[in-house]
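Chain naming here is simple, since letters A, B, ... match the order of the sequence lines and numbering starts at 1 in each.
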Amino acid sequence: MAFDSLTAFVVMEGHGPYVWTCYGVFFLLLGALVFWSLHQRRQVMAAQRRELSRTGRDQSSTSRPVATASFSRVNDSQD
Amino acid sequence: MWQFFHKLGSPKWFFGIANRLMPWLMWGGVVLLFAGLIWGLAFAPKDYLQGNSYRIIFIHVPSAFLAQSVYIMMAVAAVVTLVWRMKLADVFVKAAAPVGAVLTFLALFTGAVWGKPTWGTWWIWDARLTSMLILLFLYFGVIALGAAISDEKSSARAVAVLVLVGVVNIPIIKYSVEWWNTLHQPATFKLTEKPAMPMEMWVPLLLSVLGLYLIFGWFACLRMQTEILVRERRTRWVKALVQAEES
Amino acid sequence: MHPIRKKRLIIVLFLLAGIAVAVGLTTYALRQNINLFYDPSQIVAGEAPVDVRIRAGGMVEEGSVLRDPESLKVEFKVTDFNSSVLVEYTGILPDLFAEGQGVVAMGRMTDNGRFVADQVLAKHDENYMPPEVAEALERASGGKHKAVDGNSTGAGY
């Protein structure tokens with residue numbers, strides 16, 4: 001340990017406020033980014049689920065053609 | 001080689017790989033980053049000149065390093081978008097840009113807070129600081145342009161061109177401290193030369209850079225998956241996936 | 001590679017080369033404005049304008065710092081080991097300010113060749129080391145440091 005006590009660690013010979021501000025903002029922003037990314041993911045999944053249950057009600061007529069149509073769309077994605 | 005390249009273009013294949021990679025990236029990144037930061041904050045010796053304020057380096061340098069690396073990766077992806085029209089490359093650019101913007105902001109912010117006690121000023125218009133600010137605006141531009149064009153193909157091309165135009169800024173950032181007189185000092189963390197600091201400072205710095213790389217990998221995987229879910233929502237495999245998660 | 005892709009790749013490479021050349025020429029044309037400061041040799045050679053706010057940067061010469069006991073006024077020489085410039089400043093200096101340390105001063109050149117600064121910033125290098133190591137280095141190279149100083153003051157303005 002480079003410091004004699006916990007107080008010395010926090011104070012850092014007067015540079016504490018600068019150092020701790022940086023580390024605080026670093027973790028705050030990265031944490032917010034993690035939260036935001038996971039939240040976006042959950043929202044997309046929820047929207048898809050709603051969409052699916054809505055089309056699922058009249059499924060017999062629609063679900064089949066949609067699936068084949070989109071399959072070809074994946075294949076021509078390169079050019 | 002080419003087969004692998006074509007497989008990489010398949011969103012479904014990527015989705016599965018990302019699922020398997022993500023736990024490793026996240027936990028590996030968290031372990032490395034925390035090891036580096038705790039070592040740097042509490043155990044590394046203080047600097048003879050700056051005292052303890054230099055401990056900001058352990059987040060400043062990883063953020064700045066990643067901010068530039070992410071942009072280079074985006075530029076490579078932009079070339080792939082323009083030449084091979086690979087959709088996943090565009091997905092990567094859109095997924096990575098916000099992460100890069102946050103990292104650039106962090107580099108600027110921690111630099112400003114560090115500059116106050118050491119240089120005596122928060123901000124100065126020197127070549128290194130200004131080119132880094134331009135990088136932040138480039139990231140904003142990429143995000144805004146991607147959001148402004150709704151057509152998937154034209155959006156991909158426009159964004160790719162913008163990313164490529166901006167890539168000239170990267171060598172300017174890197175060499176600004178050598179080409180011009182700047183207040184900012186030359187690089188401490190060098191990959192090719194002997195580092196300008198002793199091992200007990202350099203190793204924690206290396207650990208936090210590697211840790212942040214892995215965490216960026218996790219962000220990229222997660223955000224690319226989300227983007228794929230939106231773009232491929234009409235495909236059978238995504239529908240199956242959504243249903244599977246429901247039950 | 002597919003011929004169309006090859007063509008696209010060539011277009012992309014040309015695009016990149018074009019932008020690089022354009023930016024390179026612009027920065028080359030603006031290089032004096034991009035430099036943050038004039039170094040003492042440039043100032044002594046008369047490249048820096050008089051009575052316009054400029055920045056001067058270099059090392060604080062060892063043994064040149066004179067503090068006024070009555071006020072915050074301080075005088076020191078800034079050197080690049082070829083030439084040196086006398087700087088006058090009133091105010092609080094940054095923590096890192098010391099003899100042998102890099103500084104950037106903002107202010108104006110006066111007619112009599114003095115630089116009157118209104119702000120002084122400390123510049124440090126990329127080397128970090130623990131205090132004990134720095135002390136050991138200092139002891140080991142103590143004699144050498146003095147010799148360099150002697151030379152630089154000798155070659156002063």
Inset, instruction - Let me see the working for A/F26 and B/F109 under side chain to side chain contact (heavy atoms under 4.5 Å, CB included), right down to the final yes or no. - result: CA-CA 9 Å; A/F26 179 79; B/F109 180 85; over 6 Å; no
What part of [X] gets closer than 4.5 Å to chain A, counting heavy atoms only: side chain, backbone, both or neither?
X: B/V99; result: both
X: B/L212; result: side chain
X: B/A44; result: backbone
X: B/Q50; result: backbone
X: B/F105; result: side chain

Calculate, to the nearest 0.5 Å, the distance between atoms [atom1] and [atom2] belonging to [X] and [Y] respectively.
X: B/Q243; Y: A/S53; atom1: CD; atom2: OG; answer: 9.5 Å
X: B/L103; Y: A/L30; atom1: CG; atom2: CG; answer: 6.5 Å
X: A/L33; Y: B/R223; atom1: CG; atom2: CZ; answer: 6.0 Å
X: A/M45; Y: B/R233; atom1: CE; atom2: CZ; answer: 14.0 Å
X: A/R49; Y: B/K239; atom1: CZ; atom2: NZ; answer: 15.0 Å

Legend entry - Heavy-atom contacts under 4.5 Å, residues 28-40 of chain B to chain A: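 Listed by number: B/L33, B/F34, B/L37.
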Inset, instruction - Go through B/V238, B/I59, B/L106 and name the one with the most non-hydrogen pairs under 4.5 angstrom from chain A. - result: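 The residue among B/V238, B/I59, B/L106 with the greatest pair count is B/I59.
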Inset, instruction - Determine the option with the most heavy-atom pairs under 4.5 angstrom with chain A, choosing from B/S63, B/S53, B/A95, B/A112. - result: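 It is B/S53.
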Inset, instruction - Let me know if A/V44 has heavy atoms under 4.5 Å from chain B in its side chain, its backbone, both or neither. - result: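 Side chain only.
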Inset, instruction - Please check if atom CH2 in B/W123 has more than 12 non-hydrogen atoms from other residues, nucleotides or ligands closer than 6.0 Å. - result: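 Yes, the 6.0 Å shell around CH2 holds more than 12 heavy atoms from other groups.
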Inset, instruction - Give a yes or no on this: more than 12 heavy atoms of other residues, nucleotides or ligands lie within 6.0 Å of atom CH2 of B/W122. - result: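 Correct, the count exceeds 12.
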Inset, instruction - State, with a plain yes or no, whether a side-chain heavy atom of A/H15 is found less than 4.5 Å away from one of B/W114. - result: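 A/H15 vs B/W114: side chains apart.
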Legend entry - Side-chain heavy-atom pair B/I215, A/V34 within 4.5 angstrom cut-off: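 They are not in side-chain contact.
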Which pair of heavy atoms, one from [X] and one from [Y], lies closest together, and at what distance?
X: A/C22; Y: B/T110; value: SG-CA, 3.6 Å
X: B/N52; Y: A/V19; value: O-CG2, 3.7 Å
X: A/W36; Y: B/P98; value: CZ3-CB, 4.0 Å

Inset, instruction - May I ask you to list the residues in residues 4-13 of chain A that approach chain B closer than 4.5 angstrom, counting heavy atoms only, ordered by number? - result: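 At a heavy-atom separation under 4.5 Å, chain B is reached by A/F9, A/M12, A/E13.
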Inset, instruction - Please step through side chain to side chain contact (heavy atoms under 4.5 Å, CB included) for the pair B/L222 and A/Q40, ending with a clear verdict. - result: CA-CA 10 Å; B/L222 175 71; A/Q40 256 184 338; over 6 Å; no
